[in-house]
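To start, the structure under review is shown below, and the notes come after it.
Note: hydrogens, waters and symmetry copies are ignored here, and every other heavy atom, side chains too, is used. Nothing here was measured: the structure is a model prediction, and the numbers come from that model. All chains are named by letter (A, B, ...) in the order of the sequence lines, taking the proteins before the strands, and each is independently numbered beginning at 1.
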Amino acid sequence: MGEPPAVLEMTGIRKIFPGVVALDGVDFRLLPGEIHALMGENGAGKSTLIKVLTGVYGIDGGEIRLSGRDVRFTGPLQAQQAGVSTVYQEVNLCANLSVAENIFIGRQPRRFGRIRWAEMRRRSADLLARLDLDVDVTAPLNTYSLAVQQMVAIARAIDIDAKVLILDEPTSSLDASEVAQLFAIMRRLRDAGVAILFVSHFLDQIYEVADRITVLRNGALIGEYRTSELPQVELVGKMIGKELATLEQLESRPRDSTEQLERGEPLLRAEGLGREGAIAPFTLAIHAGEVVGLAGLLGSGRTELARLLFGADKADSGHIEMGGKPVAMRSPRAAMAHGIAFSSENRRTEGLIGELSVRENIILALQAARGWTRPIARRRQDDLVAKYIKALQIRPDNPEIPVRNLSGGNQQKVLLARWLITEPKLLIIDEPTRGIDVGAKAEIQRLVAELSTGGMAVLFVSAELEEVLRLSHKIEVLRDRRLVEELENTGDVDADRVMHIIASGATS
Amino acid sequence: MIDVSTTPATNKSGPAAGRRRTYRPNAQYIPVLATLTLLIVMYTLGAVNYENFTHPSVILNLFTDNAFLMVVAVGMTFVILTGGIDLSVGAVIALTSTVAATLLQAGWPAGVVIPTVLLVGGVLGLGMGAVIHFFKVEPFIATLAGMFLARGVALLIDQNSIPITNGFWTGLAEARIVFEPGVYISAMALVALAVVAVAAVVLAWSRFGRNVYAIGGNADSALLMGLPVGRTRIGVYTLSGFCAALGGLIYSITTTSGYAGHGTGTELDAIAAVVIGGVLLTGGSGYVLGTVLGVLVLGMINTIVNFQSLNSWWARMAIGVLLFAFIVLQRLVTRRAK
Amino acid sequence: GDDGGGSGSSGDDKITLGFAQVGAESGWRTANTKSIQESAAAEGIELKFNDGQGKQENQIKAIRSFITQRVDVIAFSPVVESGWDPVLKEAKDAGIPVILTDRAVDSKDTSLYKTFLGSDFVEEGKKAGEWLVKEYEGKSDPVNIVELQGTPGAAPAIDRKEGFEEVIKADPKFKIVASQTGKFERTGGKQTMETMLQSVKDIDVLYAHNDDMGLGAIEAIEAAGKKPGQDIKIITVDAVKDGMTALSEGKINYIVECSPLLGPQLMDLVKKVNNKEEVPTRILTEETTFTPEQAKEALPNRKY
Amino acid sequence: MTFLKNRLVWPVAMLALLLLCALIFSDGFFDIRIQDGHLFGTPINILRASAPLVLVAVGMTLVISTGGIDLSVGSVMAVSGAMACLIIGDLANQNSVGGVTLAVVAAIALSLVLGLWNGFLVAVLGIQPIIATLILMVAGRGLAQLITSGQIINVQSSPYKVIGTGFVLGLPVSVLIAVAVLVIAALLTRRTALGLLLESVGGSPVASRLAGIQARRLTIMVYVVSAACAGIAGLIYSSNVSSADGNNAGNLIELDAILAVVIGGTALTGGRFSLAGTALGAILIATLDTTAQAVGIPPETTLVFKAVVVVVLCLAQSPAFRARLFRRPAARPAARAEVPA
Ligand SMILES: Nc1ncnc2c1ncn2[C@@H]1O[C@H](COP(=O)(O)OP(=O)(O)OP(=O)(O)O)[C@@H](O)[C@H]1O
Ligand SMILES: Nc1ncnc2c1ncn2[C@@H]1O[C@H](COP(=O)(O)OP(=O)(O)OP(=O)(O)O)[C@@H](O)[C@H]1O
Ligand SMILES: [Mg+2]
Ligand SMILES: [Mg+2]
């Protein structure tokens with residue numbers, strides 16, 4: 001076959017973390033002008049392979065060749081200079097700097113050594129416009145949602161004139177249109193000869209853009225395939241190392257949408273609740289055993305709505321009733337006292353405490369609710385933690401390692417476990433499936449369905465419309481920081497209809 | 001450059017229009033503005049309460065008296081912007097003034113002494129920066145060791161205060177622009193202002209300056225973004241060492257002496273000035289101009305205490321109270337504005 | 001007095017004195033401050049007082065501030081010897097006379113200040129040494145001396161050490177076997193003495209640069225089961241009340257006075273200087289030395 | 001845990017080295033004898049000298065674990081000692097145990113108020129800890145001087161003297177107090193969930209709030225505890241010499257305390273902390289000063305000596321340094337041999 005010589009070739013890569021062999025003799029190659037998907041379960045070693053390549057970690061064995069030459073980068077700077085541009089898994093930008101600076105820092109346009117701010121602003125606005133993102137590039141990055149930040153990171157990476165572009169789960173926090181936008185750009189770059197390494201847990205996306213697929217499992221290489229020659233089921237089988245029987249389970253819908261919920265008194269009612277600049281006053285009722293899905297585009301205010309219900313932000317209008325009585329959600333603690341739990345979309349800065357162990361992170365909320373004087377006995381901690389590590393398949397299953405050393409998806413599971421053990425009446429989960437592999441995602445969906453059957457109310461926020469449709473009894477559609485529509489999720493509700501509401505801002 | 005322009009993949013005219021952001025004022029200027037306002041308020045209060053407070057020399061003296069602190073605080077600003085801290089600056093003043101005085105006494109020409117001394121400060125800073133970066137030693141501790149070392153070496157060189165009689169030094173000590181008798185700005189104050197100007201330009205308009213902010217924002221991210229984190233971090237400590245050495249030179253010029261006891265506690269003054277000026281100790285946010293205002297605030301507090309002529313302990317309590325009042329007001333103003 | 005020539009802003013005929021104190025680092029210093037404040041009030045002199053908190057830069061600021069405030073006379077206790085020329089020139093240019101108290105400056109240009117009122121630390125060290133030499137006159141056994149120094153780098157510490165050494169070095173039987181800092185504090189004196197008692201065999205004499213360290217050391221000596229003043233002879237400098245009490249009890253053998261009560265003498269000088277009278281350029285404070293007997297006599301009148 | 005243990009190896013090694021130096025260069029250093037029914041000797045002196053530092057450092061550890069810092073400890077020490085001596089000095093009978101108890105309680109109560117003040121500035125007003133506590137560092141020293149009128153207040157009170165110089169069962173009371181506070185702090189943080197919650201606040205205040213932790217209350221608490229520890233340390237300090245010195249008590253102790261905390265393996269950025277490490281660090285620092293004196297290093301050299309020790313210790317503790325020093329040359333071939341075919 002007339003394969004061009006590989007731009008990047010990694011052979012026998014070995015990386016050992018204390019206690020974990022993250023990569024065990026992995027071979028990987030990337031051809032120019034292809035989009036190559038790297039697949040594997042959470043913790044399979046994808047991100048590690050990328051970090052090893054760009055010199056974030058040293059390697060314990062193996063060789064890396066870029067354009068035929070042996071390389072071993074001492075850091076991302078070197079990699080970048082050699083033409084490898086990377087978007088790492090968690091958004092790695094400086095939130096204190098402006099959007100424009102984040103895109104250009106380190107390579108700002110200069111004249112006589114002096115940075116040309118105006119030009120920088122102009123160019124970043126242009127660049128973002130091409131990604132269909134219209135933001136104020138002079139505002140600090142931390143005023144934007146994670147999704148916008150993700151887009152900025154992508155913008156930065158593609159603007160670097162690179163021969164290898166690496167995207168580690170860039171789509172996990174993007175909505176459908178954003179993803180489409182990104183793919184269009186990826187294709188264009190590929191056609192210009194750039195080699196693209198792409199990681200995603202969305203199989204549909206893989207099949208949409210990837211030319212070839214490399215599968216990792218438990219730090220070992222399973223194989224390299226052409227996308228066209230590898231059916232989806234087989235891919236999943238290779239990723240999780242199980243056979244078709246289990247896979248069929250994954251396909252089944254966790255909830256039958258025709259079955260309707262018996263609603264009594266609402267568990268929680270928000271009446272005219274709102275916050276200036278965050279979300280317009282809305283009214284919303286959630287019943288026990290009900291899954292309420294929030295749908296909307298980036299920045300439509302889903303997260304803001306959720307935060308108000310949890311008391312993470314203070315509402316400046318309206319009130320909340322629980323069991324018919326008005327309650328004050330002054331702080332997360334108060335909300336927890338009323339049986340509300342909230343798993344933030346931003347697991348790294350608002351969720352986990354990186355240096356604490358998995359166990360400590362899991363029991364944190366429960367312990368906080370009990371107060372410091374009533375510690376949870378160590379035996380009980382171990383039992384609870386072991387139960388959820390098993391239930392959510394958190395890997396590695398050692399509860400004593402710092403949570404920061406877990407892979408992204410496993411961190412997400414830890415965060416979820418933290419809230420599940422508090423046994424809340426209302427569980428608010430913002431993007432719980434972000435960065436989670438197919439198997440685990442199905443697991444979480446099933447869990448949500450199960451919990452709601454058991455009487456727990458769930459407010460489910462996800463950028464993945466499919467998922468929302470699949471799980472919710474009721475869908476709240478948001479647009480421009482305003483709750484515009486409430487849909488009973490009966491048979492006639494589908495993605496198109498929701499998209500239409502989102503697009504037009506009105507029903508019927 | 002690869003062309004990345006795309007045609008919209010989906011028709012999203014509706015939502016896209018809704019995503020336009022409204023302008024938010026840049027919250028980062030607010031602390032500096034607050035400091036400035038409060039400084040003016042303080043001055044006005046002083047002017048109302050004390051005789052001679054409105055004399056122009058009151059303000060000009062702020063610059064002359066605090067020239068060395070301003071230079072040191074500028075170096076400290078860089079360090080704190082990266083999220084670090086430099087405790088060695090006061091001791092470096094002691095060391096450099098002692099070294100300068102000793103060398104001058106030994107008959108070295110000023111033209112050699114000045115670069116030598118600046119080099120000493122820079123190298124010490126470089127050393128601390130390298131230890132901090134390569135060996136991941138906490139800045140607080142590395143620079144604390146630097147502080148012990150610098151002051152220790154200064155004491156070893158000479159325990160006594162050493163007068164400087166070198167003509168260049170004494171000449172500079174008296175160099176000034178006189179506006180009217182008793183009203184002047186000293187050459188050293190001008191040097192300090194020049195340092196401030198250069199630092200402001202570097203921070204705002206050079207890649208190095210921006211990298212400083214990025215590292216303060218998130219050092220791990222900065223590394224992943226391919227910024228020269230090591231070089232920048234070592235650079236700021238070198239710069240701070242250099243500024244401290246320059247501060248030491250200014251000190252030795254304004255006092256025409258060198259002494260191992262000079263600059264005790266200057267590190268705290270410098271840190272306080274930087275923080276009062278609105279720089280976040282966690283790094284990544286703040287301006288050199290803020291630092292200058294911070295130095296002036298400290299100077300103004302001192303001036304008020306001087307004019308009030310307080311007993312020792314009342315003076316200390318007054319400084320504490322004024323500092324407290326200032327910081328709380330600043331806090332309230334910035335909170336309100338945000 | 002009559003109108004201070006320096007065009008006092010006050011406009012009345014009251015003299016304004018700007019006084020820049022080192023700080024309030026010890027009881028001695030506080031007594032010094034108090035003496036100055038009290039005698040200023042008694043003499044009807046308006047006092048502008050500044051506490052330099054042990055920093056030269058603060059004292060320089062204060063002197064500049066005094067110039068701005070147009071005081072009639074400036075007096076100050078320099079925290080260090082060197083480094084006053086530029087600011088003193090400013091005072092001179094503004095026509096404000098300067099008086100040094102307690103500590104000298106090493107300026108070559110003596111026209112920068114009118115006079116220096118204060119004690120001589122080297123002299124104090126010498127006095128301490130002289131007593132020791134006399135005490136051991138005629139004996140030939142070696143004398144082991146331990147020294148508690150003040151804060152490293154402080155002028156009194158350096159000078160008192162120098163003066164003392166100068167006197168005893170004439171006789172080889174005197175040997176300083178250990179010399180450590182007690183930072184002019186009681187606790188410092190106590191802790192350092194504790195260590196010395198362990199590491200040095202046969203201490204005959206303790207020389208402490210101030211009373212406070214000596215008092216701390218006495219506690220350490222007593223705790224070690226020895227008798228201060230007998231097993232170990234103790235010489236200190238300052239003669240503050242606590243020290244004098246210990247002296248009268250025989251726990252200290254000899255104290256060299258370093259008097260903080262400069263107030264009356266200073267006010268006298270201020271008035272003279274303000275009247276443009278001639279004053280001698282060096283005025284020593286009236287200081288003495290104390291033996292236990294003298295201490296018993298002096299103690300009832302001791303104010304500080 | 002193994003990681004922590006590893007870290008503490010180095011201060012222990014350094015301590016051993018210092019003691020070895022003392023053994024070689026100063027005879028009689030290790031002579032411990034029993035005199036008047038209690039232990040006596042340089043090692044005991046070191047422990048006694050380190051008692052205030054251990055106390056202050058324990059409080060500092062808790063503050064640092066939440067990501068804060070407390071510069072005001074030295075001033076609080078001075079205030080506390082001054083307060084106690086002022087009250088005792090005014091007693092008709094200075095030897096009355098009741099009066100002394102009252103004085104001690106009043107001094108600690110005042111310290112608590114000062115701690116509350118710090119906590120209020122940091123947790124409620126949201127002022128950066130270094131500046132918030134700098135205010136009290138400056139003003140508190142003034143307050144202490146105000147209480148003592150700038151003089152040294154002497155007391156002749158045997159019950160008060162016990163705190164700093166007394167012995168119980170042959171052991172120094174000050175050391176027993178420090179050990180007791182250390183043990184109580186360790187129990188409170190490790191036997192309850194306090195330690196976890198503090199580490200969580202230090203690790204990420206935002207995430208902690210969202211997990212329902214009352215970060216504000218905890219923050220105030222650690223400053224109060226720190227001030228209380230400093231207050232007790234101030235009592236020991238002043239009782240040791242039966243006098244209160246508003247100017248010098250606790251001067252610069254904040255730096256030593258912070259140093260002790262860091263040597264003990266607690267990062268200044270907050271999070272994980274180790275009280276045992278802190279105690280070890282404090283003892284190391286006290287030993288350092290004493291050894292320098294015992295060995296006869298001239299005072300003007302002591303600072304350089306201290307700098308060298310700190311640098312060596314920090315480098316030894318730095319995994320990055322050890323990696324560079326030891327692993328470099330062997331790395332490649334070893335790794336290569338392991339690569340599977
Ligand atoms: N810094 C580290 N220290 C220790 N172990 C680590 C570290 N980083 C990763 N690991 C471990 O290495 C393994 C591979 O992690 P990696 O992040 O590469 O997974 P991944 O395939 O990217 O998973 P995900 O899909 O969840 O992002 C995991 O077991 C993880 O716990
Ligand atoms: N495309 C955009 N352009 C400008 N600002 C945006 C955009 N998307 C989000 N934002 C801003 O990001 C912030 C976060 O929005 P929010 O988190 O409520 O959105 P969301 O519906 O939860 O979406 P997601 O979490 O998927 O980003 C808001 O301040 C919003 O103004
Ligand atoms: Mg990953
Ligand atoms: Mg969201």
Side-chain angles (χ1 to χ4, degrees), chain C residues 23-34 51 53-54 147-153 157-158 161 177-201 211-213 215-220 222-225 240-243 245-246 304, chain D residues 22 25-33 35-36 38 40-46 48-49 52 81 138 141-142 145 148-154 161 164-165 236-238 240-252 286 289-303:
Chain C
E25 75 280 1
S26 62
W28 188 97
R29 189 60 65 190
T30 311
N32 179 245
T33 301
K34 219 162 148 194
D51 175 8
Q53 297 179 29
E147 184 180 24
L148 283 174
Q149 299 182 29
T151 314
I158 297 168
K161 183 176 169 65
V177 286
S179 176
Q180 290 290 342
T181 176
K183 293 184 265 175
F184 281 134
E185 299 166 30
R186 267 190 213 188
T187 315
K190 182 172 182 185
Q191 277 170 9
T192 308
M193 194 66 203
E194 281 170 353
T195 312
M196 286 179 172
L197 282 167
Q198 296 289 317
S199 57
V200 180
K201 299 265 171 305
D211 286 348
D212 281 333
M213 289 192 292
L215 291 167
I218 287 174
E219 299 218 11
E222 283 174 341
V240 297
K241 204 170 176 183
D242 298 338
T245 312
Y304 59 96
Chain D
F25 294 108
S26 150
D27 34 86
F29 192 88
F30 285 101
D31 290 354
I32 296 186
R33 55 179 197 279
Q35 180 190 314
D36 308 334
H38 52 72
F40 195 86
T42 306
I44 304 296
N45 288 342
I46 292 178
R48 284 185 40 213
V138 177
R141 184 84 37 209
Q145 286 176 320
T148 63
S149 317
Q151 298 288 353
I152 294 178
I153 307 185
N154 290 296
K161 229 175 140 113
T165 58
I236 292 180
Y237 184 96
S238 109
N240 187 25
V241 285
S242 288
S243 61
D245 181 347
N247 311 300
N248 295 312
N251 207 4
L252 294 182
D289 289 339
T290 311
T291 314
Q293 283 173 359
V295 172
I297 292 178
E300 62 271 19
T301 322
T302 317
L303 268 180

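Options Gln53(C), Arg29(C), Glu185(C), Met196(C) differ in how many heavy-atom pairs under 4.5 Å they form with chain D, and the most are formed by Glu185(C). Of the residues considered (Ser149(D), Ser238(D), Ala22(D), Gly41(D)), Gly41(D) shows the highest number of contacts with chain C, using heavy-atom pairs under 4.5 Å. Put simply, of Asn251(D), Thr290(D), Asn154(D), the one with the most heavy-atom pairs under 4.5 Å next to chain C is Asn154(D). Most heavy-atom pairs under 4.5 Å with chain D: of the set Gly23(C), Ala224(C), Gly153(C), Ala178(C), this distinction falls to Ala224(C).
For Ser199(C), there are no side-chain hydrogen bond (donor to acceptor under 3.5 Å, both in side chains) partners at least two apart in sequence or on another chain.
A side-chain donor from one of Thr192(C) and Gln293(D) sits under 3.5 Å from a side-chain acceptor of the other. For the 3.5 Å distance criterion, the side chains of Asn248(D) and Lys183(C) fail to qualify, holding no donor opposite an acceptor.
By the 4.5 Å heavy-atom criterion applied to side chains, Glu219(C) and Lys161(D) are counted as neighbours. In this structure the side chain of Asp245(D) never reaches within 4.5 angstrom of the side chain of Arg186(C), judged on heavy atoms.
For Ala292(D), the part lying near chain C is the backbone, with the side chain staying farther off; criterion is any non-hydrogen pair under 4.5 Å. Contacts of Ala220(C) with chain D are absent, with no heavy-atom separation under 4.5 Å from either backbone or side chain. Looking at Glu25(C), only its backbone comes within 4.5 Å of chain D, counting heavy atoms on both sides. Contacts between Ser26(C) and chain D at a heavy-atom distance below 4.5 Å involve the backbone alone (N, CA, C, O). Heavy atoms of Arg141(D) lying under 4.5 Å from chain C are absent altogether. Contact annotation for Gln180(C): both backbone and side-chain heavy atoms come within less than 4.5 Å of a heavy atom of chain D.
The OG1 atom of Thr187(C) sits 12.0 Å away from the CD1 atom of Ile236(D) when rounded to the nearest 0.5 Å. With values rounded to the nearest 0.5 angstrom, Asp242(C) atom CG is found 7.0 Å from Ile152(D) atom CD1. Separating the CG atom in Asp212(C) from the OG atom in Ser243(D) is a distance of 7.5 Å, to the nearest 0.5 Å.
At a heavy-atom cut-off of under 4.5 Å, chain C is reached by Gly296(D), Ile297(D), Pro299(D) from residues 295-303 of chain D, listed in order of number.
The backbone N or O of Ala24(C) lies less than 3.5 Å from a partner atom in the side chain of Gln145(D), making a donor-acceptor pair. Remark: side-chain polar atoms of Lys190(C) are paired, donor with acceptor, to backbone N or O of Asn240(D) under 3.5 angstrom.
Other residues, nucleotides and ligands contribute over 12 non-hydrogen atoms within 6.0 Å of the NZ atom of Lys161(C).
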